[in-house]
Participant: 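Sharing a structure with you now.
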Amino acid sequence: MIVRPRLHWFRMLLVWRGSVLGRILPQLLTMTGVALVVVVVHKQHPTLLPDLTPIPFTLLGIALAIFLGFRNSVSYDRFWEARRLWGAVLNDTRSLARQVVTLTDADADSQRTFVHGLIAFAHALKAQLRGADATPALRGLLPDDVRADVARARFKPALLLRRSGDQLLALRRRGQLEPVLHAAMDRHLGSLTDSLGGCERIASTPIPFAYSVLLHRTAYLYSFMLPLGLVATVGAATPVVVALASYTFFALEALAEELQDPFGIEPNDLPLDSITWMIEATLRETIGEPVLSDEPVAVQHVLR
Amino acid sequence: MIVRPRLHWFRMLLVWRGSVLGRILPQLLTMTGVALVVVVVHKQHPTLLPDLTPIPFTLLGIALAIFLGFRNSVSYDRFWEARRLWGAVLNDTRSLARQVVTLTDADADSQRTFVHGLIAFAHALKAQLRGADATPALRGLLPDDVRADVARARFKPALLLRRSGDQLLALRRRGQLEPVLHAAMDRHLGSLTDSLGGCERIASTPIPFAYSVLLHRTAYLYSFMLPLGLVATVGAATPVVVALASYTFFALEALAEELQDPFGIEPNDLPLDSITWMIEATLRETIGEPVLSDEPVAVQHVLR
Amino acid sequence: MIVRPRLHWFRMLLVWRGSVLGRILPQLLTMTGVALVVVVVHKQHPTLLPDLTPIPFTLLGIALAIFLGFRNSVSYDRFWEARRLWGAVLNDTRSLARQVVTLTDADADSQRTFVHGLIAFAHALKAQLRGADATPALRGLLPDDVRADVARARFKPALLLRRSGDQLLALRRRGQLEPVLHAAMDRHLGSLTDSLGGCERIASTPIPFAYSVLLHRTAYLYSFMLPLGLVATVGAATPVVVALASYTFFALEALAEELQDPFGIEPNDLPLDSITWMIEATLRETIGEPVLSDEPVAVQHVLR
Amino acid sequence: MIVRPRLHWFRMLLVWRGSVLGRILPQLLTMTGVALVVVVVHKQHPTLLPDLTPIPFTLLGIALAIFLGFRNSVSYDRFWEARRLWGAVLNDTRSLARQVVTLTDADADSQRTFVHGLIAFAHALKAQLRGADATPALRGLLPDDVRADVARARFKPALLLRRSGDQLLALRRRGQLEPVLHAAMDRHLGSLTDSLGGCERIASTPIPFAYSVLLHRTAYLYSFMLPLGLVATVGAATPVVVALASYTFFALEALAEELQDPFGIEPNDLPLDSITWMIEATLRETIGEPVLSDEPVAVQHVLR
Amino acid sequence: MIVRPRLHWFRMLLVWRGSVLGRILPQLLTMTGVALVVVVVHKQHPTLLPDLTPIPFTLLGIALAIFLGFRNSVSYDRFWEARRLWGAVLNDTRSLARQVVTLTDADADSQRTFVHGLIAFAHALKAQLRGADATPALRGLLPDDVRADVARARFKPALLLRRSGDQLLALRRRGQLEPVLHAAMDRHLGSLTDSLGGCERIASTPIPFAYSVLLHRTAYLYSFMLPLGLVATVGAATPVVVALASYTFFALEALAEELQDPFGIEPNDLPLDSITWMIEATLRETIGEPVLSDEPVAVQHVLR
């Protein structure tokens with residue numbers, strides 16, 4: 001179980017890592033710099049720059065906030081759906097492990113091979129989603145010839161599910177699995193297929209490009225022009241206000257950008273290493289095997 | 001796996017293709033032109049035009065933003081539901097392919113025919129949704145007489161699902177498929193029927209017409225009248241503000257319009273070519289066939 | 001497939017039918033009339049009327065917009081859920097038609113009777129939801145004695161589903177339907193029961209009355225008092241602003257009112273005629289029967 | 001089918017019953033009284049009271065509206081989920097009634113006993129949720145000894161479901177119900193268990209207390225202080241504005257309070273009498289029994 | 001059934017416990033203190049502090065409210081999903097208890113052992129989620145050797161579900177459970193596995209850290225700077241306004257923080273003690289055992 005301690009309200013203001021501040025610093029400095037220039041120019045030549053007044057920013061600010069809120073919800077929904085899908089992988093593999101022990105008459109060896117195949121599926125799925133090489137993690141879980149097949153395949157996790165299906169077929173042919181219980185187990189393989197397809201869907205279908213462009217553009221044009229609207233009334237404090245507004249908008253956009261691809265290895269992405277570790281540990285425990293590695297721990301609030 | 005590279009924040013401000021800017025340029029220019037005329041007239045005859053003051057636009061702007069936000073959510077939900085339905089097509093066809101191999105005693109030939117029928121279903125569904133001719137894509141997947149039947153049918157994908165059902169019936173009659181496993185496979189045919197009906201539902205039921213009219217009208221009247229509210233305070237910079245506000249509202253509306261019919265071939269529609277390619281590739285791999293074509297690639301951030 | 005052409009942005013401003021403008025015209029004229037009176041009185045006796053200033057309307061406007069947005073979402077969700085339920089009717093009847101052909105050993109005559117019963121269910125459901133007489137549509141689909149039973153029943157579609165169940169029972173008793181496949185088909189009858197109950201739920205449970213009253217009252221008091229808040233600053237243009245604001249609020253409320261009862265025959269209600277036509281057509285095609293009538297077409301963007 | 005007539009827009013402004021106005025009148029009068037006092041004091045001693053200016057209320061008003069909107073959505077979701085659960089009770093009891101007739105070989109007497117047990121379940125569930133005594137409604141539906149058992153039980157509806165399970169077991173033991181069809185019927189008993197648990201969940205888990213406190217407090221402090229912000233600009237019309245704003249906030253809060261416990265007998269709660277009547281009527285019709293009582297009718301827009 | 005009495009509107013303003021006010025008092029006092037200092041300094045040296053004017057706070061306030069609203073929805077969704085999962089535990093254990101009695105031929109002893117295992121699962125799940133020791137609660141429910149196994153296991157509830165599966169396997173091997181009914185019961189074990197995994201998912205995956213940081217920071221910087229924006233117009237009443245605004249923002253944030261980890265023992269967390277009590281009571285009643293303990297009662301509106 002991974003628990004995050006609650007920080008003191010004041011310390012939380014100073015957190016750096018995991019807060020996307022690093023990624024938006026260049027833009028923030030640019031905007032604040034623009035505001036500084038506007039303040040200086042306005043002091044020297046008060047009539048040189050047009051006074052946009054705060055009105056346009058009131059009108060647009062609400063729209064911008066609502067749109068950013070929408071974008072943000074969509075990104076978070078993608079993140080959370082991805083988490084649910086991985087939760088479903090845990091649930092279905094656990095159910096299959098329970099089933100192979102309690103619904104079939106398979107011997108201990110077949111049980112172990114079957115459960116190892118499920119663990120291999122989780123590792124292969126993680127590798128596919130992160131664009132990594134699955135082969136190292138599969139060593140010890142699959143026989144060498146199967147590993148070679150998997151390495152050649154384009155859709156590795158799908159192949160592993162088909163292979164689990166083959167094992168059930170063999171059990172039924174040997175009379176160790178009733179047809180109706182075969183159907184019950186196959187339903188969980190179908191559910192794993194759904195989770196696999198769900199992850200692929202999120203990974204392969206980004207938020208429509210025009211959204212990103214539209215909101216990005218509105219947020220940045222807004223921030224660029226904001227000093228012209230504030231300098232006449234707020235004066236020398238303009239850069240501070242611009243910095244705070246830009247921070248809010250840019251950070252939220254950056255975070256939405258990060259969350260919309262939840263399978264990466266950025267600080268706010270899903271901790272897939274940790275989740276696959278847990279899947280492996282609980283499956284091994286179900287068939288009485290020891291857990292081989294330690295649970296991953298968070299480094300500076302960030303878990304991979 | 002289709003991945004979109006993240007653009008630098010500055011380059012993103014200049015993107016053209018896929019950003020709906022092209023489609024709304026005429027309206028944007030009209031609105032900016034109106035604002036220019038207002039500025040000129042106001043300079044010459046300050047009392048000729050009524051001064052609406054910014055107040056009405058504050059009042060209406062919030063309502064407009066909330067309604068556009070609603071419209072936008074609805075359109076996006078349609079887009080994403082359509083994507084989920086196609087994801088379900090992938091999942092169910094994959095499950096059926098796994099099942100025909102691991103639940104039945106069908107010979108390799110029957111397995112291939114069955115899986116080709118599923119691939120044909122995906123192509124026929126895409127063609128129906130895009131109003132295109134399905135026949136070319138079905139060549140090589142279906143025998144000639146079946147192709148002729150399909151060509152005559154009004155509801156082609158439904159016919160193909162019934163035909164898959166016929167094949168399962170034949171297997172059961174030959175004793176190669178247990179009744180309870182037949183039921184398990186038929187459940188996935190039922191699920192494909194649901195996905196088919198879901199796509200047809202989205203394609204045939206647009207967002208209530210009055211919404212489009214109401215929001216369109218509010219957004220355009222707002223933009224038409226905006227110069228009269230701003231010119232007294234913002235002065236010569238009015239056209240810039242009007243352009244930015246109009247851009248935000250019109251672009252969001254245009255994007256919502258584009259997303260609400262997600263099966264088209266506009267830049268932000270679903271990449272059905274790419275999805276059907278993937279379905280075909282993974283199904284063929286399941287039964288050990290080579291993939292015949294290359295994966296479609298994105299052209300300027302846009303995938304069809 | 002029913003597709004709505006996209007209108008030119010300028011033509012869309014002038015659309016009349018299907019835009020609820022007709023229904024709210026009396027209120028709109030009343031509000032604009034009130035505003036006109038306020039303008040005239042204010043010109044004659046500037047101190048007679050209290051100056052509410054725009055502030056209260058800023059405070060309340062946001063709340064009003066948010067509540068209208070909520071009301072609107074709820075209404076739209078009812079509309080869309082109703083559409084999904086009818087989509088499920090299509091899906092489940094299609095699946096049952098496929099099943100009666102591919103899961104049972106029924107002869108062609110029994111297949112036709114069964115499928116006609118499903119078509120009759122769709123017609124009876126539509127008639128019940130619209131408070132119409134189902135009997136004419138059932139001619140040719142049901143034997144005369146069954147038609148008489150149905151005419152007497154209080155819950156006609158439920159009776160038809162029970163009758164479909166009777167037919168399956170007969171098939172099983174004749175040994176033409178395996179128990180496990182019987183269960184599989186019965187599941188779709190259960191799903192049709194769910195869709196039926198879902199439609200009845202939407203039809204019989206309106207949005208809580210207090211919502212309609214509360215939002216209606218707020219919207220109308222707001223519009224009544226708005227002229228007193230604007231006349232001192234906006235002057236003679238007050239009626240234009242009041243008209244636009246009232247239009248936005250009233251039209252959205254009227255549309256929400258229309259959508260919340262999606263089974264009626266108002267322009268933005270569900271096109272049940274069209275949907276039942278499609279159900280009938282695709283079911284008949286599944287068993288090789290010709291489609292008897294033409295597909296309904298939209299008249300002025302409106303489909304019934 | 002319960003249909004609510006649409007009221008004329010003007011008559012709707014004057015509706016009293018079902019509009020929660022009665023419940024919030026004391027608070028409304030208090031707030032308006034405070035505003036009156038502020039107006040009088042301000043007239044006599046213009047500098048005695050602090051001038052808060054409208055600014056704080058603009059800042060807080062938006063937050064307040066958004067939070068009330070959230071609270072409101074949550075309450076409505078509870079209301080609608082409760083309605084869906086009762087809809088599911090209708091659907092599952094209907095399906096079970098259809099199944100006992102068409103899946104089993106039970107004689108007419110066993111069918112009737114089984115269906116009466118389902119009707120008793122609906123009555124017992126309503127009684128439990130409203131904290132009422134279920135025994136009267138169960139007379140005529142259950143044998144006397146069963147009624148006594150039920151009266152003693154703490155979880156009456158759960159006991160009735162177990163008893164329905166007993167009846168199915170008896171049918172199977174007598175060879176009148178195939179195991180696979182038993183499983184199909186048991187699934188609907190499981191679904192009724194889910195609906196029962198869902199209703200108990202809503203009834204036993206209110207919205208977190210701190211929400212109610214937080215929003216209540218913000219809304220009331222806001223309204224208390226509002227006169228101090230308005231009196232300097234709006235003057236003598238302050239009480240009118242305060243009354244309208246308070247009405248909007250308090251009414252929405254009161255309505256949310258009412259909807260969050262949807263099983264009560266307040267005007268906007270679920271019409272459980274009407275729903276159970278319908279369940280009883282349709283179940284009796286399924287087995288050919290007459291409906292014993294008349295459909296409940298709405299009194300002044302309110303149905304119990 | 002746990003019911004919360006409705007408080008009088010005035011008493012509700014004074015509630016302390018359960019209102020998160022205690023947790024945010026230090027921050028509130030800090031902010032009010034800052035505002036007091038600003039008022040004093042501004043009185044003495046009117047030009048020393050920059051006048052930020054209220055404009056930046058209008059711009060940012062809306063964004064802040066929308067983001068807090070989002071954060072809040074997400075937290076509440078977690079809370080409610082956790083509640084649903086525990087509701088599902090109740091439903092599935094109840095269904096399994098009904099099934100072991102009505103689907104199997106198990107003797108009373110086996111029935112009791114099986115049901116006790118389900119009760120033990122609920123206790124073990126609660127203990128795991130609260131990081132507590134499950135062993136005491138399991139005494140009397142499990143034989144000593146099983147208790148020892150459970151104590152050693154890392155994933156205790158998963159182990160208990162596997163053990164329930166073992167019991168069903170034994171029943172089937174003894175011919176007391178048909179395969180198809182075994183599958184039906186195993187489906188509920190699968191569903192319990194899903195609920196277990198769902199709780200673990202919520203417990204182990206907090207809301208992305210960057211959200212908490214971003215919103216926290218914005219809310220606190222906003223409140224810190226607010227006095228500088230108000231003091232010039234609101235004057236001596238500034239601390240009151242700052243206190244109210246800070247209260248709204250901080251309380252909502254604190255509540256969101258509390259709700260996002262719904263398995264704890266803070267006042268607004270889920271009353272797991274009460275829920276597990278109910279599960280135990282209803283399961284015991286199903287097999288005719290007395291309920292051993294009293295129902296937990298709420299202490300000052302708070303139930304654990």
Side-chain angles (χ1 to χ4, degrees), chain A residues 24 26-27 50-53 55-56 58-60 62-64 66-67 69-70 74 128-129 131 153-155 158-159 161-162 165-166 168-169 179-180 182-183 186-187 189-190 193-194 196-198 200-201 203-206 208-214 216-218 220-222 225 228 257 261, chain B residues 1-4 6 9 12-13 15 18-20 54 57-58 61-62 65-66 68-69 72-73 76 79 83-84 87-88 90-91 94-95 98-99 101-103 178 180-181 183-184 188 230 233-237 241 244-245 247-249 251-252 255 258-259 267-268 281-282 285-286 291 301-302:
Chain A
I24 59 167
Q27 296 99 296
D51 176 13
L52 288 184
T53 78
I55 292 160
T58 314
L59 298 183
L60 281 171
I62 300 167
L64 183 55
I66 288 176
F67 302 157
F70 163 75
V74 169
Q128 172 175 321
L129 293 172
R154 191 192 279 263
F155 302 97
L159 186 73
L161 289 183
R162 219 217 59 183
D166 291 341
L168 296 183
L169 177 63
V180 66
H182 190 178
D186 187 77
R187 193 175 306 128
L189 288 183
T193 305
D194 292 350
L196 162 61
E200 289 171 339
R201 167 169 49 83
S204 70
T205 312
F209 187 53
Y211 273 122
S212 305
V213 174
L214 171 55
H216 186 87
R217 221 173 248 170
T218 310
Y220 278 77
L221 289 182
Y222 186 96
M225 287 162 57
L228 296 177
E257 197 75 27
D261 292 320
Chain B
M1 208 65 8
I2 308 134
V3 181
R4 199 171 58 197
R6 208 174 276 177
W9 67 271
M12 197 132 170
L13 295 175
V15 160
S19 77
V20 304
F57 299 94
T58 314
I62 300 166
I66 288 176
L68 271 174
N72 189 35
S73 298
Y76 180 77
F79 168 82
R83 183 62 190 85
R84 295 180 80 97
L90 169 67
N91 299 345
R94 251 187 193 162
S95 281
R98 184 192 71 244
Q99 290 180 319
V101 175
T102 66
L103 297 190
E178 294 267 349
V180 66
L181 300 175
H188 285 291
L230 294 182
T233 37
V234 180
V241 176
L244 184 57
Y247 168 68
T248 309
F249 293 137
L252 206 78
L255 183 51
E258 201 167 314
L259 286 180
N268 292 293
T282 187
E285 188 171 282
T286 305
V291 179
H301 324 296
V302 175

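Throughout, a chain's letter reflects where its sequence line sits, starting with A, and its residues are numbered from 1. Every heavy atom of this structure was used, including side-chain atoms; hydrogens, water molecules and symmetry mates were not. From a predicted model like this one, the values you see are computed outputs, not experimental measurements.
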Participant: Using heavy-atom distances under 4.5 Å, tell me whether Ala236(B) contacts chain A through its side chain, its backbone, both, or neither.
Facilitator: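 It is neither, since no heavy atom gets under 4.5 Å.
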Participant: In chain order, what residues pass the side chain to side chain donor-acceptor pair (under 3.5 Å) check against Glu178(B), with sequence neighbours excluded?
Facilitator: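 Expected list: none.
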Participant: Just how far is it from atom NE2 of His216(A) to atom CG of Leu221(A), taken to the nearest 0.5 Å?
Facilitator: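 So the gap between those two atoms works out to 9.0 Å.
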Participant: Please state whether the rings of Tyr211(A) and Phe70(A) are parallel, tilted or perpendicular, taking 30° and 60° as the class boundaries.
Facilitator: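 Tyr211(A) vs Phe70(A) ring planes: tilted.
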Participant: For Thr58(A), give me all partners under side chain to side chain donor-acceptor pair (under 3.5 Å), at least two apart in sequence or on another chain.
Facilitator: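 Counting only residues at least two positions away or on another chain, Thr58(A) forms no side chain to side chain donor-acceptor pair (under 3.5 Å).
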Participant: Classify the side-chain pair Thr286(B)/Arg94(B) by whether it contains a donor and acceptor separated by less than 3.5 Å.
Facilitator: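 No, no side-chain donor-acceptor contact under 3.5 Å.
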Participant: When only pairs under 4.5 Å are counted, which of Val74(A), Ile55(A), Asp194(A) shares the most heavy-atom pairs with chain B?
Facilitator: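 It is Asp194(A).
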Participant: Flag the one option from Asn72(B), Val241(B), Val291(B) with the top tally of heavy-atom pairs under 4.5 Å to chain A.
Facilitator: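 Option with the top pair count is Asn72(B).
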Participant: For the atom pair CG (Leu60(A)) and OH (Tyr222(A)), what is the distance rounded to the nearest 0.5 Å?
Facilitator: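 Nearest 0.5 Å value for the CG-OH distance: 7.0 Å.
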Participant: Check whether Ile66(A) gets within reach of chain B through its side chain, its backbone, both or neither, counting any heavy atom under 4.5 Å.
Facilitator: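 Ile66(A) touches chain B through side-chain heavy atoms alone.
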Participant: Examine whether an atom of Leu189(A) lies under 4.5 Å from a heavy atom of chain B, and if so say whether it belongs to the side chain, the backbone or both; otherwise answer neither.
Facilitator: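 Both parts, heavy atoms under 4.5 Å.
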Participant: Side chain, backbone, both or neither: which part of Val234(B) has a heavy atom under 4.5 Å from chain A?
Facilitator: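 For Val234(B), heavy atoms of backbone and side chain both lie under 4.5 Å from chain A.
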Participant: Do Arg83(B) and Ser204(A) have side-chain heavy atoms sitting under 4.5 Å apart?
Facilitator: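 Contact flag for Arg83(B)/Ser204(A) side chains = yes.
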Participant: Please flag which part of Asp186(A) lies under 4.5 Å from any non-hydrogen atom of chain B: side chain, backbone, both or neither.
Facilitator: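 When you check distances to chain B, atoms from both the backbone and side chain of Asp186(A) fall under 4.5 Å.
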Participant: Give the member of Gln27(A), Arg187(A), Met225(A), Arg162(A) that has the highest number of heavy-atom pairs under 4.5 Å with chain B.
Facilitator: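 Most pairs with chain B among the choices: Gln27(A).
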Participant: Heavy-atom distances under 4.5 Å only: say whether Leu52(A) touches chain B with side chain, backbone, both or neither.
Facilitator: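 Both the backbone and the side chain of Leu52(A) come within 4.5 Å of chain B.
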Participant: Between Ala65(B) and chain A, with a heavy-atom cut-off of 4.5 Å, which part of the residue counts as in contact: side chain, backbone, both or neither?
Facilitator: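 The answer is both parts of Ala65(B).
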Participant: Shorter than 4.5 Å, heavy atoms on both sides: which option in Ala183(A), Pro50(A), Pro179(A), Ala63(A) has the most such pairs with chain B?
Facilitator: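 Option with the greatest count: Pro179(A).
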Participant: Counting only heavy atoms closer than 4.5 Å, note whether Ala158(A) contacts chain B via side chain, backbone, both or neither.
Facilitator: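 For Ala158(A), side-chain heavy atoms alone lie under 4.5 Å from chain B.
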Participant: Quick check: do Val20(B) and Asn268(B) have side-chain heavy atoms less than 4.5 Å from each other?
Facilitator: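 Touching, per the 4.5 Å side-chain cut-off.
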Participant: Less than 4.5 Å to any heavy atom of chain B: does that hold for the side chain of Thr53(A), its backbone, both, or neither?
Facilitator: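 Side chain of Thr53(A) only, per the 4.5 Å heavy-atom cut-off to chain B.
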Participant: Is there a side chain to side chain contact (heavy atoms under 4.5 Å, CB included) between Phe67(A) and Thr218(A) once you walk through the steps?
Facilitator: CA-CA 10 Å; Phe67(A) 302 157; Thr218(A) 310; 5.7 Å; no
Participant: Measuring heavy-atom distances to chain B, does Phe155(A) have an atom under 4.5 Å in its side chain, in its backbone, in both, or in neither?
Facilitator: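 For Phe155(A), heavy atoms of backbone and side chain both lie under 4.5 Å from chain B.
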